[in-house]
Amino acid sequence: MKFSLERRREVKPWHLIGVPLLSVIFGTLVGGLFLEATGHNAILVFKTMSQTSYTTLYGIGDTLTAATPLIFTALAALVAFRVNLYSIGAEGQLFVGGIFASGVGIAVGTSSSALAIPAVLIAGVLGGIVWMTLPALFRAWFGTSEIITTLMFNFVALFLMRYLIYGASTYWRDPTSTNFPQGKKLDQNAWLPRFGTQSVHWGLVLALVTTVGIWFLLRKTRFGYQMKVLGDAPNAARYSGVPVKRMTFTVLIISGGLAGLAGASEVAGRAHALDPNGLAIGLGYAGIIVATLARLNPFGAVIIAIGFGGLQNSASALQSLGTDSVPSAIATTLQGLILLLALAGELFVRYRLKISKKVEVSA
Amino acid sequence: MIAARHISKSFPGVLANQDVSFDVAPGEVHSLLGENGAGKSTLAAILTGLYQPDAGHVEIDGVRVSLKSPRHGLALGIGMVHQHFRLVSQFTVAENISLGDRKQNWILSTKKVEEAVREIGERYGLPVDPRARINELTVGEQQRVEIIKTLYRGAQVLLLDEPTSVLTPQEVTTLFDSVRTLASEGKSVIFISHKLGEVMDISDRVTVMRDGKVVGNTSVTDTSREALARMMVGRDVDLSAIRATKPTGTPLLEVRGLTAKSARSQVSDASIVVKAGEIVGIAGVSGNGQRALAEGIAGLTPPVGGHITICGIDVTGKGSVAARKAGLSYVPEDRNGTGLAPSLSISENMLLTEDLPFLVNHKSAVAKAEEAIGAYSIKTPGASTPTRMLSGGNVQKVLLARELGHDPQVLIVASPTWGLDVGAVEFVRSKLNELRNQGRAILLISEDLDEVRALSDRIYVIFEGKIVMECAGEGADVTTLGLAMAGASA
Ligand SMILES: Nc1ncnc2c1ncn2[C@@H]1O[C@H](COP(=O)(O)OP(=O)(O)O)[C@@H](O)[C@H]1O
Ligand SMILES: [Mg+2]
């Protein structure tokens, strides 16, 4: 028996949906084996996971809240990835977006919501853009790898954000939080409204509207068309007269703005303050995974983000299973396993496994 | 000596070889003639052990063999020179020949190899310095290294896959001399080509392939170019020379002292004029600045020096959009990659050189694509098919449909028929001729000297980025042109 991978001549719609579905099922099975091997009741664990995340109203609410920032960061990633710009800077741009948003929120919080909320959101977008400006300039005009620069800017942003809350008594820190420093709460006028008692806030709606907007940009406008050409064949873009450098810069800036919006939505919708621990949970990096699994399709990103949000959300529930409680390390491993297999499964969208008997040899 | 018996091989969606049989005698030069995609390279890969056939088998000296790998094939005396060379450019000739040679010790000694290279070179008229590095050699010399490599390993049967596509006419002559020497020593040569003239010139026997099948097998003395062409294409074809029938008009394209760089291509101080109703050919061996010349004129690369005027408008350094607005269309050599974005659909590609509004009207693009598909008989499942799924001829038709749709006054075409089958070649040529008759100015950049000679009213020769010769197309002498293309100053 010989195994080999053969490139599919044609990728059919069936492959695009079936393969990731099978990967997730397979990942769940392997995860189940892993749970059983470590002495847990796999059925119970999966039941709890689906309950906490996908079947109860409360669970769905938490899942959607977790998915909201992921939709923004996934959009940020996919816009750039579509033109082969591998920015991994959404993480840092989200932090800076959060810093700008909370700063403005604290300043204008007492004015009416109709003024405060847009101001906070715009500030978030600007924060993301500011943080992307240098990497974008360097990439577009000097060809400096955006992967490296955006990654380094992520670290700077992280420490900047921590400093603003833990490092010194700054404008962002709540002066009354004596034992453990916390961000200053925004005035209620600057909060994104919630749906009733649910944790779900208007950030979700904004994310969905943004998704439609990005889809429209990509699909219907000249800019989107030129992005498509540039992403597919840079020489064809040059031939057609696309200003490649300016385009590169603009796409990165849009990506930065989207990531900044994620930060603003988290600040104004969830934490209502600059909350370093709540923001620095890898939302930017997770967005890259979501975008990749969604094959850079904006609507796909929404669906994957919701699945991913649920997975993230259920991990904490597993720790409170009483006698059968699953330690967080195992919950995280399980999560990673399913993701890893889903990503690895992507290979089979383009390739198929060929099993052949060994060729007999004569002479 | 070597024979194929009822060989079939399929790739997903194509039957590349279908019940193919043929025999090669010792000392014979046997041509495999067929259009692109006829299945010649696939057959060669099976004969050398690179692919295994789905059905049928290979025989060597009447004995059935099953070739596991090219190494195995070579051990049985079958060697191949590929369309694309497989040499390490940083290594010397001798080092390349030692690569994969299991006779070598752990410690490489190239002395013996160097001697062998000299000896083989003298014997078969393949002179090459064994100590030279590959990247110092011309393409023709590199090809010699490939041939020597297979001979050194003891090949009795030599397969040459489209060996002349990279050579100057003079180099072709030398290659053919070597092939004749090899045959006279009893070796068999399988010469793969789609060029009729060369096949008639060099072969003893010809096997013609079409759509994966053998459609004819004949001795060259019993056939003619016309008969072979008919077999290869399946119908009569006419590729005789066509020239301007009307006097030429005013200059529409004027290039003065153009110096430009693009990727690895460079052109310096080139001056060219193309008048209305005229096809001007640029002859030259691949890689002598053709790309920089075309991209410089078309505004894809900013010129370092010189002036470009299109229909009286100075477009120097103003970019590709300005050149287009002045009346220029450019059909690049790299069709799927520069002229078209390969993953985009035919209809999306129709928009590539349009002046687009903020909102793109995809519906009208589809209509335009469908019109082109009808008018140019483009074979495709539909307007939404990505152009990378189309065959070479259809890709070129999409590109021509779009560019000619702009009704250009000046047209630059680079290698317009390269890799196309005869039917498509005929189509492209007649289109170019039609445009000429309509009083357009056409600059034809091509490495195919026969094509340049057949279509051009005037010819420039480019060598190392400089225009080294200019002459009339009518009666242009191959030897003179060939010498100029090789850099010999006339
Ligand atoms: N590795 C491959 N995978 C799929 N299709 C192939 C492959 N190699 C060749 N083909 C197809 O087989 C046919 C014959 O190709 P080839 O043998 O290269 O023809 P030729 O050398 O005569 O131009 C073509 O339709 C080509 O697209
Ligand atoms: Mg071939």
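By the 6.0 Å contact criterion, CZ on Phe223(A) is enclosed, its count of non-hydrogen atoms from other residues, nucleotides or ligands being greater than 12. When the shell of 6.0 Å around OH of Tyr285(A) is examined, it contains more than 12 heavy atoms from other residues, nucleotides or ligands. For Asp211(B), the CG atom is loosely surrounded, since the number of other residues' heavy atoms within 6.0 Å does not exceed 12.
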Practice item. Begin with the C-alpha distance, continue with both residues' side-chain angles, and end with the deciding distance and a verdict on side-chain hydrogen bond (donor to acceptor under 3.5 Å, both in side chains) for Ser10(B) and Asp54(B). Key: CA-CA 7 Å; Ser10(B) 64; Asp54(B) 297 339; 3.1 Å; yes
Practice item. Step by step, work out the salt bridge (Lys or Arg N to Asp or Glu O under 4.0 Å) result for Asp355(B) and Arg222(A). Key: CA-CA 10 Å; Asp355(B) 219 357; Arg222(A) 176 179 58 215; over 6 Å; no
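Of the residues considered (Thr353(B), Val360(B), Thr338(B)), Thr338(B) shows the highest number of contacts with chain A, using heavy-atom pairs under 4.5 Å. Chain B forms more heavy-atom pairs under 4.5 Å with one residue of Gly224(A), Gly241(A), Ser240(A) than with any other, namely Ser240(A). Of all the listed residues (Leu352(B), Leu359(B), Leu344(B), Asn336(B)), the one sharing the greatest number of non-hydrogen pairs under 4.5 Å with chain A is Leu352(B). Across Pro234(A), Ala236(A), Ala237(A), the residue that shares the most heavy-atom pairs under 4.5 angstrom with chain B is Ala236(A).
Using a 4.5 Å cut-off between heavy atoms, Glu348(B) touches chain A through backbone and side chain atoms alike. Proximity to chain A (any heavy atom under 4.5 Å) is shown, for Ile60(B), by neither the backbone nor the side chain. Only the backbone of Leu340(B) comes within contact range of chain A, judged by heavy atoms closer than 4.5 Å.
Checking side-chain atoms of Thr301(B) against main-chain N and O of Lys261(B) turns up a donor-acceptor pair under 3.5 Å.
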